[in-house]
Amino acid sequence: MANRSGTAQRPNGQSQGKICQFKLVLLGESAVGKSSLVLRFVKGQFHEYQESTIGAAFLTQTICLDDTTVKFEIWDTAGQERYHSLAPMYYRGAQAAIVVYDITNQDTFGRAKTWVKELQRQASPNIVIALAGNKQDLANKRMVEYEEAQTYAEENGLLFMETSAKTAMNVNDIFLAIAKKLPKNEQNTGQGGSVQGRRLTEGNTEPKTGANCCK
């Protein structure tokens, strides 16, 4: 994978600005909608019955900010307890994480707090963590109050939004908020990765189709 700096060129010859690549991991209890959020973000799709993730799934998506193209390498991890021991393999070296819970299930919110503590203790010191209260379309069955989650997020320095993979509410927005918060300067670790986003050349940034690709 290229680590060279440079600017990509748009088809009309104008400079596109710098291109950064970030590793992002999704964590949360099983059936909270992690895979559905990723599918909505990357492909603009929603499946009412989503099969459980085995181990982890990998997808990519590109977001264009004003002067920077952000490419996310997304690791969607399995929520089942038997896969918990694998999680460090996926969040190690990640620059961002989305911890997902189901607003209709208080237990998943408690589990999300456990994931946040684990990330704060073991993940990269500068990792950007977002908390997503998913299934907002089922707000009439709410068990976790918005204010409770918002207060928790503020106390722990997390980005926070309630989302709905079904209606697409705030799905693009939460990834965009993460992209804006991530540092764009290049600081390579020398370990095959980087503390900040890796700058790529044009040949390494083939955007996928989707709502967040460059227009």
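Quantities reported herein were computed from a predicted structural model and do not represent experimental measurements.
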When hydrophobic residues are tied together by side-chain contacts of less than 4.5 Å, even through go-betweens, does [X] share a cluster with [Y]?
X      : Y      : answer
Leu59  : Val100 : yes
Leu159 : Leu37  : yes
Leu138 : Ile174 : no
Tyr146 : Tyr101 : yes
Leu176 : Leu26  : yes

Quick one: closest heavy-atom pair of [X] and [Y], and the distance?
X      : Y      : answer
Lys23  : Gln95  : N-OE1, 2.7 Å
Met161 : Ala177 : CE-CB, 3.9 Å
Leu65  : Ala179 : CD1-O, 3.8 Å
Asn105 : Met143 : N-CB, 4.1 Å
Asn134 : Gly33  : ND2-CA, 3.6 Å
Ala123 : Tyr91  : CB-CD1, 4.1 Å

Can you check whether [Y]'s main-chain N or O pairs, donor with acceptor, with [X]'s side chain at less than 3.5 Å?
X      : Y      : result
Thr69  : Cys64  : no
Gln61  : Val42  : yes
Lys34  : Gly28  : yes
Arg40  : Lys166 : yes
Gln136 : Thr163 : no

Measuring only between side-chain heavy atoms, which start at C-beta, is [X] closer than 4.5 Å to [Y]?
X      : Y      : answer
Asp107 : Glu29  : no
Phe22  : Ile178 : no
Tyr152 : Leu158 : yes
Ile129 : Gln120 : yes
Phe175 : Leu24  : yes
Met169 : Asp137 : no
Ile63  : Phe41  : yes

Separation between [atom1] of [X] and [atom2] of [Y], rounded to the nearest 0.5 Å:
X      : Y      : atom1 : atom2 : result
Lys180 : Thr68  : NZ    : OG1   : 12.0 Å
Glu155 : Thr151 : CD    : OG1   : 6.5 Å
Arg92  : Trp75  : CZ    : CH2   : 13.0 Å
Glu162 : Arg142 : CD    : CZ    : 4.0 Å
Arg111 : Ser30  : CZ    : OG    : 11.0 Å

>> Quick check: Tyr90 with Phe58 (ring centres under 6.0 Å apart)?
In response: no
> Between the side chains of Asn126 and Ser124, is a donor N or O closer than 3.5 angstrom to an acceptor N or O?
Replying inline: no
>> If we check side-chain contact (heavy atoms from CB on, under 4.5 Å) with Phe109, which of these qualifies: Leu131, Asp102, Ile103?
In response: Leu131
> Is the count of non-hydrogen atoms from other residues, nucleotides or ligands lying under 6.0 Å from Lys113 atom NZ greater than 12?
Replying inline: yes
> So does Lys117 have more than 12 non-hydrogen atoms from other groups sitting under 6.0 Å from NZ?
Replying inline: no
>> Using the rule given for side-chain hydrogen bond (donor to acceptor under 3.5 Å, both in side chains), can you reason through Ser35 versus Asp76, listing the C-alpha separation, both sets of side-chain angles and the distance that settles it, and then say yes or no?
In response: CA-CA 6 Å; Ser35 298; Asp76 170 26; 2.5 Å; yes
